[in-house]
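Quick notes on the structure that follows.
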Amino acid sequence: MELITKAPKGTQDVLPGQSEKWQAIEKVLREEAALYGFSEVRTPVFEHTELFQRSVGETTDVVQKEMYTFQDKGGRSITLRPEGTAGAVRAFLEHGLFSAAMPQKLWYETSCYRYEKMQKGRLREFHQFGVEMFGAADPFADAEVISIASSIFQRLGVKNLKLEINSIGCPTCRAAYTQALKEYFGQYHDELCDTCRERLEKNPMRLLDCKVPRCHEIGEGAPSILDYLDDDCKAHFEAVKAALDSLGIAYTVNDRIVRGLDYYTRTVFEFTTEDLGSQATVCGGGRYDGLVAEMGGQPTPALGFGMGLERLLLLMEAQGIAFPPARPCDLYIGSIGEAARRKAFALAGAMRQSGVAATFDEVGRGVKAQMKYADKIGARFSMVLGDDELAAGKAQIKNMQTGEKHEIVLDETFAKQFAAIDSSLLS
Ligand code: ATP
Ligand code: MG
């Protein structure tokens, strides 16, 4: 029975009470994306496994340990998307968005799937809001993308977030750096975890974001990428910082940030908090100038970020941030008898067409129980129709909060009269 009545580990239902909070956050995300000139892209929940292997990278935790991969009935290897960028880049290439005006600016809100050890703020199905900008190599683009996340947090009222930035250079600077890391970590070969020993050969930079405590500790003494940046990458990083300064966005440089995915180049950044325990990163992103070409397109500079929405919501709750209340029922239309109920049903329909959230007695119960229900759902006004009201063509509208009553005529001006009663109370 448990398999039927318990959702799979690492998933979460969003119930009424909670879904309104999601909607409030989503509204801000959409509005901010539009203000910055980004358009929404929706891509499939599953893609060919190769897409993620190629873009996220074979040596990453995501690809090595966390993907939901299976064979479909046609024998293809399919993977549930573990993040949003790969699908967006695939769509960008598949539909020739590169021939439209550059930069192309896309946003998405998607569910993501990673087989992880479940913890607070760490789920197997979670949601990301992300933006991607294609065709902009300039440092102002980096600062702009960071500023989108920053203004989202600001508008939502989120506090105690720290922006950490780093540059991980381009493949040229990384060649020397990788060599230095190999030499450094090589000295600790026997103390590293199995995965890191493998990474040492294939992709030493990945060692810097290993979560095994001893690997992490060793990583603290590793050489800094910032000492290996070539002149162009150095200048780019300086310009990003200057642009952030000009916007008044505070940041700290943290040369240990390498990001968990392989495709990043130059600028990488994270927004972290101490209010969420060990699941500290709420938003992470950066530049991935090599990815589009890596996936078979023309070389196209690009950048973006992914924001974990469950973590964002947890953080807002932890900080006691108020959410707008759910839309209440404006008018509950109770009824006594079948004729009145038919009238209430029709009236409710007409009211909704005028933008009023109206409810009638959907279950056919006594008037006392109807009023109790109206109270429970927090109806702002109520009204009861019976044979007398139908005969007189009039009824009483009751303000559920004050108990105050207003007469209302049951004719085609009903909605107008209701609006007048409603707004007189609002002012
Ligand atoms: P972490 O270091 O916490 O594992 P990550 O580096 O794997 O994060 P990204 O791949 O950069 O994370 O994903 C972007 C954002 O998505 C993260 O900053 C986080 O807010 C969120 N996120 C990632 N994995 C999960 C998860 N399993 N559950 C909930 N949110 C997640
Ligand atoms: Mg992770």
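As the structure lists them, so they are numbered: ligands from 1, and atoms in each ligand from 1.
Residue nearest to atom 13 (O) of ligand 1, selected from Arg311, Gln279, Arg122, Gln128: Gln128 (by heavy-atom distance). Compare Glu83, Glu270, Arg114 by their heavy atoms: the one nearest to atom 7 (O) of ligand 1 is in Arg114.
Less than 4.0 angstrom separates some heavy atom of Arg259 from each of these atoms of ligand 1: 6 (O), 9 (P), 11 (O). Near Thr281, meaning under 4.0 Å from one of its heavy atoms, ligand 1 places the atoms 17 (C), 18 (O), 19 (C), 20 (O). Atoms of ligand 1 lying under 4.0 Å from at least one heavy atom of Leu123, given by number and element, are 26 (C), 27 (N), 28 (N), 29 (C). Residue contact check: Val282 has heavy atoms under 4.0 Å from atoms 18 (O), 20 (O) of ligand 1. Near Glu116, meaning under 4.0 Å from any of its heavy atoms, are these atoms of ligand 1: 24 (N), 25 (C), 26 (C), 27 (N). Taking every non-hydrogen atom of Lys211 and a distance limit under 4.0 Å, the qualifying atoms of ligand 1 come out as 1 (P), 2 (O), 4 (O). Within ligand 1, counting atoms from 1 as listed, the ones closer than 4.0 Å to a heavy atom of Gly306 are 14 (C), 15 (C). Near Gly308, with a cut-off below 4.0 Å to any heavy atom, the atoms of ligand 1 are 15 (C), 16 (O), 20 (O), 21 (C).
In the model, Arg287 has no side-chain atom that pairs as donor or acceptor with a side-chain atom of Ser167 under 3.5 Å. Side chain to side chain, Ser151 and Glu32 meet the donor-acceptor criterion of an N or O pair below 3.5 Å. For the residue pair Asp209 / His216, no side-chain donor-acceptor distance below 3.5 Å is found, with atom types taken as modelled.
Neither the backbone nor the side chain of Leu312 comes within 4.0 Å of ligand 1, counting heavy atoms alone. Under 4.0 Å from ligand 1, not a single heavy atom of Arg124 appears.
For the pair Glu198 and Lys202, the salt-bridge criterion is met [side-chain N within less than 4.0 Å of a carboxylate O]. A salt bridge between Glu50 and Arg54 is absent, with no side-chain N of the basic residue lying under 4.0 Å from a carboxylate O of the acidic one. Using a 4.0 Å cut-off between charged nitrogen and carboxylate oxygen, Glu109 and Arg30 count as a salt-bridge pair.
Note on residues 136-155: pairs passing ring pair (Phe, Tyr, Trp, His ring centres under 6.0 Å), not counting sequence neighbours, are Phe153-Phe271.
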Show the atom names and distances, to 0.1 Å, of all donor-acceptor pairs under 3.5 Å that link a side chain in residues 303-318 to residues at least two apart or in another chain.
from, atom 1, to, atom 2, distance (Å)
Glu310, OE1, His127, N, 2.8
Glu310, OE2, His127, N, 3.3
Glu310, OE2, His127, ND1, 2.7
Arg311, NE, Gly121, O, 2.7
Arg311, NH1, Thr281, O, 2.9
Arg311, NH2, Gly121, O, 3.2
Glu317, OE2, Gln18, NE2, 2.7
Glu317, OE2, Lys21, NZ, 2.9

